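Along the sequence shown, residues are numbered consecutively beginning with 1. Owing to the predicted nature of the structure, the values given are computational and were not obtained by experimental measurement.
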Amino acid sequence: MEIITTHTNADFDTLSSMVVAKKIYPNAVAVFPGAIEKSIRTFLERFPSFKFEYTRIRNIDMDKVERLIIVDTKQKNRIGAFAQILDKPGLDVRIFDHHPTSSDDIKASVEITSAYGSNTTLMIDLLREQKIKITPFEATVLMIGIYEDTGSLMFVSTTEDDFLAAAYLVSNGADLKVVSDTIKKEMTSDEIKLLNDFNSNASCHIINGQKVVITRSEEHTSELQSH
């Protein structure tokens with residue numbers, strides 16, 4: 001059995017990367033190892049004609065997994081229960097990721113990495129190398145992944161390749177209206193209160209020549225996610 005998986009708390013860059021991985025490995029089963037963002041669930045409900053088939057990790061017989069294809073992460077502690085089979089003899093692990101290296105990185109038989117602002121950009125490189133066609137709606141989904149992880153191509157981590165990948169998607173029919181509507185996020189009242197707490201309690205320090213801001217919130221909690 002071939003499995004395509006990613007990090008817990010999956011976002012749109014994750015979804016887009018899995019969509020491409022599924023086109024490269026059509027016989028693989030896409031599996032989210034944990035929760036997915038509400039925005040993704042809403043998106044999939046909004047566009048039921050977009051048939052991205054996936055399952056939950058509880059439906060997988062770990063003993064039958066022979067190949068593990070991991071996208072948008074390479075850290076052992078971010079792939080949920082799949083971390084338990086990494087030492088399985090003969091397991092073929094393939095990683096496609098754009099994050100910096102860490103001490104928790106998984107050893108893989110195939111590892112393709114980049115310093116792109118979005119992991120989707122890396123996956124598009126592979127898509128184009130293998131001359132795999134995509135539909136206009138698939139191009140739209142991939143554009144959402146790039147826009148979300150690069151702040152609509154405005155984050156300082158954005159690279160020239162992210163722009164080129166976005167241009168490729170536009171040329172393949174990506175609908176920027178759908179992209180804009182999807183990534184437009186309004187803060188909830190709890191998030192606004194949390195932000196106000198952070199602003200009120202922030203203090204700036206110089207540590208080893210670097211400016212570091214430390215803050216806290218005692219009344220509200222938020223899970224910080226790394227994309």
Side-chain contact, heavy-atom cut-off 4.5 Å: Phe96 with Lys74?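 A side-chain contact under 4.5 Å is absent here.
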
When you look at Val179 and Asp175, which way does the side-chain contact (heavy atoms from CB on, under 4.5 Å) test go after all the steps? CA-CA 6 Å; Val179 174; Asp175 188 332; 5.9 Å; no

So, the side chain of Lys23 versus the backbone of Leu127: is there a donor-acceptor pair under 3.5 Å, distance only?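 Here the side-chain-to-backbone pair does not exist.
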
Flag if over 12 foreign heavy atoms under 6.0 Å of NZ, Lys88: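 For Lys88, atom NZ is crowded (more than 12 foreign heavy atoms under 6.0 Å).
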
Are Phe82 and Met18 grouped together when hydrophobic residues (ILVMFWY) are joined by side-chain heavy atoms under 4.5 angstrom apart?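 Phe82 does not cluster with Met18.
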
Given the rule that I, L, V, M, F, W and Y join up when any side-chain heavy atoms are under 4.5 Å apart, are Val65 and Tyr54 in one cluster?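 No, Val65 and Tyr54 fall in different hydrophobic clusters.
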
Return yes if some donor-acceptor pair links the side-chain N/O of Thr121 with the main-chain N/O of Gly117 below 3.5 Å, else return no.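 No: the side chain of Thr121 does not pair with the backbone of Gly117.
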
If you measure from OG on Ser102 to CG on Asn77, what distance do you get to the nearest 0.5 Å?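 Ser102 OG to Asn77 CG: 7.5 Å, rounded to 0.5 Å.
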
I'd like to know whether Asp11 forms a side-chain contact (heavy atoms from CB on, under 4.5 Å) with Glu148, so could you lay out the CA-CA distance, the side-chain angles of the two residues, the decisive distance to 0.1 Å, and finally the verdict. CA-CA 9 Å; Asp11 54 18; Glu148 182 186 62; 3.3 Å; yes

Measuring only between side-chain heavy atoms, which start at C-beta, is Met1 closer than 4.5 Å to Ile60?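 Side-chain contact under 4.5 Å: yes.
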
Close side-chain approach of Leu169 and Asn172, heavy atoms under 4.5 Å: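 Result no, sub-4.5 Å side-chain heavy-atom pair not found.
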
Measuring from atom CE of Met143 to atom OG of Ser180, what distance do you get when rounded to the nearest 0.5 angstrom?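 If we round to the nearest 0.5 Å, Met143:CE and Ser180:OG are 12.0 Å apart.
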
So, are Asp104 and Lys76 salt-bridged, with charged N and O less than 4.0 Å apart?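 So Asp104 does not pair with Lys76 through a salt bridge.
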
Given Met62 and Gln84, is the side-chain contact (heavy atoms from CB on, under 4.5 Å) satisfied, shown in steps? CA-CA 9 Å; Met62 294 294 185; Gln84 301 170 10; 5.9 Å; no

SB check Asp105 Lys107 (cutoff 4.0 Å):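 Lys107 and Asp105: not salt-bridged.
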
Within the 3.5 Å criterion, strictly below it, is a donor on Ser118 or His98 matched to an acceptor on the partner's side chain?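 Side-chain D/A pair, Ser118 to His98: absent.
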
Quick one: CD on Glu2 to CD on Glu66, what's the gap to the nearest 0.5 Å?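 Separation between the atoms: 8.5 Å.
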
Is there a ring-ring contact (aromatic ring centres under 6.0 Å, His included) between Tyr147 and Phe12? Walk through the geometry before answering. CA-CA 9 Å; Tyr147 266 43; Phe12 274 108; over 10 Å; no

Tell me whether Leu164 is reachable from Leu153 by hopping between hydrophobic residues (I, L, V, M, F, W, Y) whose side-chain heavy atoms are closer than 4.5 Å.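 The answer is no; the residues belong to distinct hydrophobic clusters.
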
For Gln130 and Ile24, run side-chain contact (heavy atoms from CB on, under 4.5 Å): C-alpha distance rounded to whole Å, both residues' side-chain angles, the deciding distance at 0.1 Å, then the answer. CA-CA 8 Å; Gln130 298 187 31; Ile24 296 173; 3.8 Å; yes

For the side chain of Thr158 and the backbone of Phe155, is there at least one donor-acceptor N/O pair under 3.5 Å apart?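 Judged by distance alone, yes, a pair lies under 3.5 Å.
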
Tell me, please, which residues at least two apart from Tyr116 pass side-chain hydrogen bond (donor to acceptor under 3.5 Å, both in side chains).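 side-chain hydrogen bond (donor to acceptor under 3.5 Å, both in side chains) check on Tyr116 returns Asp125.
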
Ser152 side chain to Met154 main-chain N or O, any donor-acceptor pair under 3.5 Å?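 Pair absent, no side-chain N/O of Ser152 close to backbone of Met154.
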
So, taking the atom named CZ in Arg67 and the one named CG in Asp92, what distance separates them when rounded to the nearest 0.5 Å?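 Here the interatomic distance stands at 4.5 Å.
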
Using the rule that Ile, Leu, Val, Met, Phe, Trp and Tyr join whenever any side-chain heavy atoms are under 4.5 Å apart, tell me whether Ile79 and Phe32 fall into a single cluster.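 No, separate clusters.
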
More than 12 heavy atoms of other groups within 6.0 Å of Asn59 CG: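 Enclosed.
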
Can a donor-acceptor pair be found, under 3.5 Å and without considering hydrogens, that links the side chain of Glu138 to the backbone of Thr135?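 Side chain of Glu138 to backbone of Thr135: a pair is present.
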
Do Ile3 and Ile69 have side chains that approach each other closer than 4.5 Å (heavy atoms only, starting at C-beta)?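 Heavy-atom side-chain distance check fails, nothing below 4.5 Å.
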
Between Asn119 and Ser17, do the side chains contain an N or O donor and an N or O acceptor separated by less than 3.5 Å?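 There is such a pair (donor and acceptor under 3.5 Å, judged by atom type) between the side chains of Asn119 and Ser17.
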
Testing the basics here: between Thr140 and Gly173, what is the closest heavy-atom pair and its distance to 0.1 Å?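 Minimum heavy-atom separation between Thr140 and Gly173: OG1-O, 4.1 Å.
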
Just say parallel, tilted or perpendicular for the rings of Phe52 and Phe50, cut-offs at 30° and 60°.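 Because their plane-to-plane angle is under 30°, the rings of Phe52 and Phe50 count as parallel.
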
With side chains defined as the heavy atoms from C-beta onward, is the minimum distance between Asp161 and Leu122 less than 4.5 Å?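 Side-chain contact under 4.5 Å: no.
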
Give the minimum heavy-atom separation between Ile95 and Thr73, together with the two atoms involved.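 In this case the closest contact between Ile95 and Thr73 is CG2-O, 3.9 Å.
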
Any chance you could lay out the side chain to side chain donor-acceptor pair (under 3.5 Å) test for Asn201 and Thr215, step after step, and finish with the verdict? CA-CA 5 Å; Asn201 296 319; Thr215 189; 5.1 Å; no

Under a 3.5 Å threshold, yes or no: a donor from one side chain and an acceptor from the other, between Asp72 and Thr14?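 Thr14 and Asp72 do have a side-chain donor-acceptor pair below 3.5 Å.
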
Point-to-point distance, once rounded to the nearest 0.5 Å, from CG of Leu68 to CD1 of Ile4: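 With rounding to 0.5 Å, CG (Leu68) is 10.0 Å from CD1 (Ile4).
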
Glu111 and Ala108: which non-hydrogen atoms are nearest, and at how many Å?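 Shortest heavy-atom separation between Glu111 and Ala108 comes out as CB-CB, 4.5 Å.
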
For the side chain of Asp149 and the backbone of Asp13, is there at least one donor-acceptor N/O pair under 3.5 Å apart?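 Looks like no, no N/O pair under 3.5 Å.
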
Kindly indicate whether the side chain of Val71, heavy atoms from C-beta on, has any atom under 4.5 Å from the side chain of Asp97.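 No - every pair of side-chain heavy atoms lies 4.5 Å or more apart.
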
Atom CG in Leu44, atom CZ in Arg41: separation rounded to 0.5 Å?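 Here the interatomic distance stands at 10.0 Å.
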
Between Thr8 and Gly34, is there a donor-acceptor pair closer than 3.5 Å when you use the side chain of the first and the backbone of the second?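 Judged by distance alone, no pair lies under 3.5 Å.
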
Taking C-beta and beyond as the side chain, do Thr6 and Ile70 meet within less than 4.5 Å on heavy atoms?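 Contact flag for Thr6/Ile70 side chains = no.
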
Please tell me whether Ile146 and Phe47 are part of a single hydrophobic cluster in this structure, the criterion being side-chain heavy atoms less than 4.5 Å apart.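 Linked within one cluster.
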
Is there a donor-acceptor pair under 3.5 Å between the side chain of Thr120 and the backbone N or O of Ser16?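 Side chain of Thr120 to backbone of Ser16: no pair is present.
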
Close side-chain approach of Val29 to Glu53, heavy-atom, < 4.5 Å: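 Not in contact.
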
